[in-house]
Enquirer: 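First the structure, then my questions, so here it is.
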Number of protein chains: 2
Amino acid sequence: MHEDKSTHQKKTGGMPTVRGRIWIDGPEGTFFGHGRAVLLERIIEHGSITKAAKSMDMAYRHAWDLVDSMNRQSKEPFVEVATGGKGGGGARVTKAGERAIKMFWRFHKDLQAFLTREQKKFKL
Amino acid sequence: MHEDKSTHQKKTGGMPTVRGRIWIDGPEGTFFGHGRAVLLERIIEHGSITKAAKSMDMAYRHAWDLVDSMNRQSKEPFVEVATGGKGGGGARVTKAGERAIKMFWRFHKDLQAFLTREQKKFKL
DNA sequence: AAGCGTTATTCCCTTCGGTATATTACGCTA
DNA sequence: TAGCGTAATATACCGAAGGGAATAACGCTT
């Protein structure tokens, strides 16, 4: 689901390319962005922070920090977590989290369209 | 000249804010962006890389790297440099460099407009 | 009560971007 | 030729960010 939303690409090879990124700032700084959207999708897919982190080759520590940051900054949490219990626990993305994902991809898509429009204006 | 073109702000305090940045990629990666535009303006203002770097509290090394990167990636250099000579030398921004500055600020302005449009769509 | 797998937390290590410092090269001026 | 202020380059250092590993906490299951 969602193959190439990458915003960071090292080289372009040919002509100079207009590029950009978009994100949402909250009370503590970064609140939502590309990496966090992907992380939430992986949590939905795997049902746990541990597996989500592994699946995207991210340290659990980092993933947990991101989840914690989102939950702290949002009125309603994006991820609900269960420690202990059946299977040791798990993590679940809330409705609010799903809305955030959808909204961000919409923003992201708008940005891509904007960038291709700007690219046409490129003239050194 | 050009007071608040900063794209990086740590906190927003109030509501979540849609933010973003834009830059130009070239053969070696980043080719032009906010910091480089400001640097060129300072070089114009001061006539040397040393003074330009000092004026924006940037290490000379870093400033030189940026200038070198731009000159390597552009067909025609953005900065012409004189080592030794009257006053020890100096640096001068070329016409191509000035065009790049102008174009970037135009992109930057477009982006700001885009971001405020997106902000209006923000709904968690 | 023991076992299980996950969340939660701590500590240390490495990596890396940028800084600071020092030295050399340069070419006009006097 | 000596002096000057800059460009150019090399080296060492610092701090922040991220990673890895280890451990504790948790609560269902058996």
Side-chain angles (χ1 to χ4, degrees), chain A residues 8 10-11 21 23 25 28-31 33-36 38-40 42-74 77-94 97, chain B residues 6-11 21 23 25 28-31 33-36 38-40 42-73 77-94 97:
Chain A
H8 352 251
K10 283 309 178 189
K11 297 196 172 195
R21 47 169 71 177
W23 69 92
D25 259 22
E28 299 180 8
T30 301
F31 170 51
H34 184 271
R36 298 176 190 226
V38 172
L39 177 60
L40 290 196
R42 300 294 181 110
I43 291 178
I44 293 176
E45 188 179 350
H46 293 100
S48 92
I49 297 180
T50 301
K51 289 178 188 163
K54 268 203 183 69
S55 83
M56 55 196 298
D57 200 48
M58 172 185 287
Y60 170 83
R61 165 67 191 267
H62 189 201
W64 184 88
D65 280 342
L66 295 178
V67 168
D68 192 49
S69 164
M70 290 186 276
N71 281 348
R72 274 187 287 103
Q73 298 189 63
S74 173
F78 285 2
V79 177
E80 275 171 357
V81 123
T83 130
K86 174 177 195 170
R92 194 190 127 263
V93 174
T94 65
Chain B
S6 176
T7 317
H8 351 252
Q9 173 187 344
K10 283 307 177 189
K11 298 196 171 195
R21 46 169 75 175
W23 70 93
D25 259 23
E28 300 181 6
T30 300
F31 169 50
H34 183 271
R36 299 177 189 223
V38 172
L39 177 60
L40 290 196
R42 300 296 181 108
I43 291 177
I44 293 175
E45 187 180 350
H46 293 100
S48 89
I49 297 179
T50 301
K51 288 179 187 162
K54 268 202 182 67
S55 84
M56 55 195 299
D57 201 48
M58 173 186 284
Y60 170 83
R61 166 67 191 266
H62 189 202
W64 185 88
D65 280 343
L66 294 178
V67 167
D68 192 49
S69 164
M70 290 185 276
N71 281 348
R72 274 186 286 103
Q73 298 189 64
F78 286 1
V79 177
E80 275 171 356
V81 123
T83 130
K86 174 176 196 170
R92 194 190 127 264
V93 173
T94 66

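No experiment lies behind these values; they were computed from the predicted model shown. In what follows, chains carry the letters A, B, and so on, assigned in the order in which the sequence lines appear, proteins first and then strands, with residues in each chain numbered from 1.
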Enquirer: Heavy atoms only: give me the nearest A/Gly35-A/Met56 pair and the separation to one decimal.
Expert: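 Looking at all heavy atoms of both residues, the shortest contact is O-CE, 4.3 Å.
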Enquirer: If I compare all heavy atoms of B/Ala63 with all of B/Leu39, which pair ends up nearest, and what's the gap?
Expert: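 So the minimum-distance heavy-atom pair works out to O-CD2, 3.7 Å.
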Enquirer: Check for a donor-acceptor pair, side chain of A/Asn71 on one end and backbone N or O of A/Phe78 on the other, with a separation under 3.5 Å.
Expert: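 It does hold such a pair.
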Enquirer: For chain B and DNA chain D, what are the first and last nucleotides along the strand, 5' to 3', with at least one atom under 4.0 angstrom from a heavy atom of the protein chain?
Expert: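 For DNA chain D, the relevant span reads D/dG5 to D/dT11.
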Enquirer: In residues 62-70 of chain B, which ones come under 4.0 Å of DNA chain C, going by heavy atoms?
Expert: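 Heavy-atom cutoff 4.0 Å gives B/His62.
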Enquirer: Given side chain to side chain contact (heavy atoms under 4.5 Å, CB included), test A/Glu28 with A/Arg72 step by step and report yes or no.
Expert: CA-CA 9 Å; A/Glu28 299 180 8; A/Arg72 274 187 287 103; 2.2 Å; yes
Enquirer: Which atoms of nucleotides 11-15 of chain C (N or O only) lie under 3.5 Å from a protein N or O atom, and what are those distances?
Expert:
unit_1: C/dC11; atom_1: N4; unit_2: A/Arg61; atom_2: NH1; d: 3.3

Enquirer: Would you name the heavy atoms of A/Val79 and A/Ala91 that are closest together and state the gap between them?
Expert: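 Heavy atoms only, the tightest pair is CG1-CB, 3.9 Å.
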Enquirer: I need the A/Arg92 CZ to A/Ile44 CD1 distance, nearest 0.5 Å.
Expert: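 Atom-to-atom, A/Arg92:CZ and A/Ile44:CD1 are 10.0 Å apart.
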Enquirer: Short of 4.0 Å, heavy atom to strand atom, which residues of residues 77-90 of chain A count as contacting DNA chain D?
Expert: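 Contacts with DNA chain D under 4.0 Å: A/Thr83, A/Gly84, A/Gly85, A/Lys86.
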Enquirer: I would like to know whether B/Val67 and B/Ile43 meet side chain to side chain contact (heavy atoms under 4.5 Å, CB included); could you show each step before the answer?
Expert: CA-CA 10 Å; B/Val67 167; B/Ile43 291 177; 3.9 Å; yes
Enquirer: Measure the distance from NE2 on A/His46 to C1' on C/dT6 and round it to the nearest whole Å.
Expert: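 So the two atoms are 15 Å apart, to the nearest Å.
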Enquirer: List the residues meeting salt bridge (Lys or Arg N to Asp or Glu O under 4.0 Å) with B/Arg61, not counting sequence neighbours, and say none if there are none.
Expert: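 With sequence neighbours excluded, B/Arg61 shows a salt bridge (Lys or Arg N to Asp or Glu O under 4.0 Å) to B/Asp65, given in chain and number order.
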Enquirer: Decide side-chain hydrogen bond (donor to acceptor under 3.5 Å, both in side chains) for A/Arg36 and A/Thr30; before the verdict, give the C-alpha distance in whole Å, the side-chain angles of both, and the deciding distance to 0.1 Å.
Expert: CA-CA 10 Å; A/Arg36 298 176 190 226; A/Thr30 301; 5.0 Å; no
Enquirer: Which atom pair, heavy atoms only, marks the closest approach of A/Ala53 to A/Tyr60?
Expert: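 Of all heavy-atom pairs spanning A/Ala53 and A/Tyr60, the closest is CB-CA, 4.1 Å.
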Enquirer: If I take atom CE from residue A/Met58 and atom CD1 from residue A/Ile49, how far apart are they, to the nearest 0.5 angstrom?
Expert: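 Going from CE on A/Met58 over to CD1 on A/Ile49, the span is 11.5 Å.
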Enquirer: CD of B/Gln73 to CG of B/Asp68: how many Å apart, nearest 0.5 Å?
Expert: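 Taking CD in B/Gln73 and CG in B/Asp68, the distance rounds to 10.0 Å.
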Enquirer: Looking at A/Thr50, does any N or O in its side chain come under 4.0 Å of the phosphate oxygens OP1/OP2 on C/dT7?
Expert: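 A/Thr50 to C/dT7 OP1/OP2: side-chain N or O found under 4.0 Å.
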Enquirer: Run the salt bridge (Lys or Arg N to Asp or Glu O under 4.0 Å) test against B/Glu45 and tell me which residues pass, sequence neighbours left out.
Expert: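 Once residues adjacent in sequence are excluded, B/Glu45 has no partner under the salt bridge (Lys or Arg N to Asp or Glu O under 4.0 Å) criterion.
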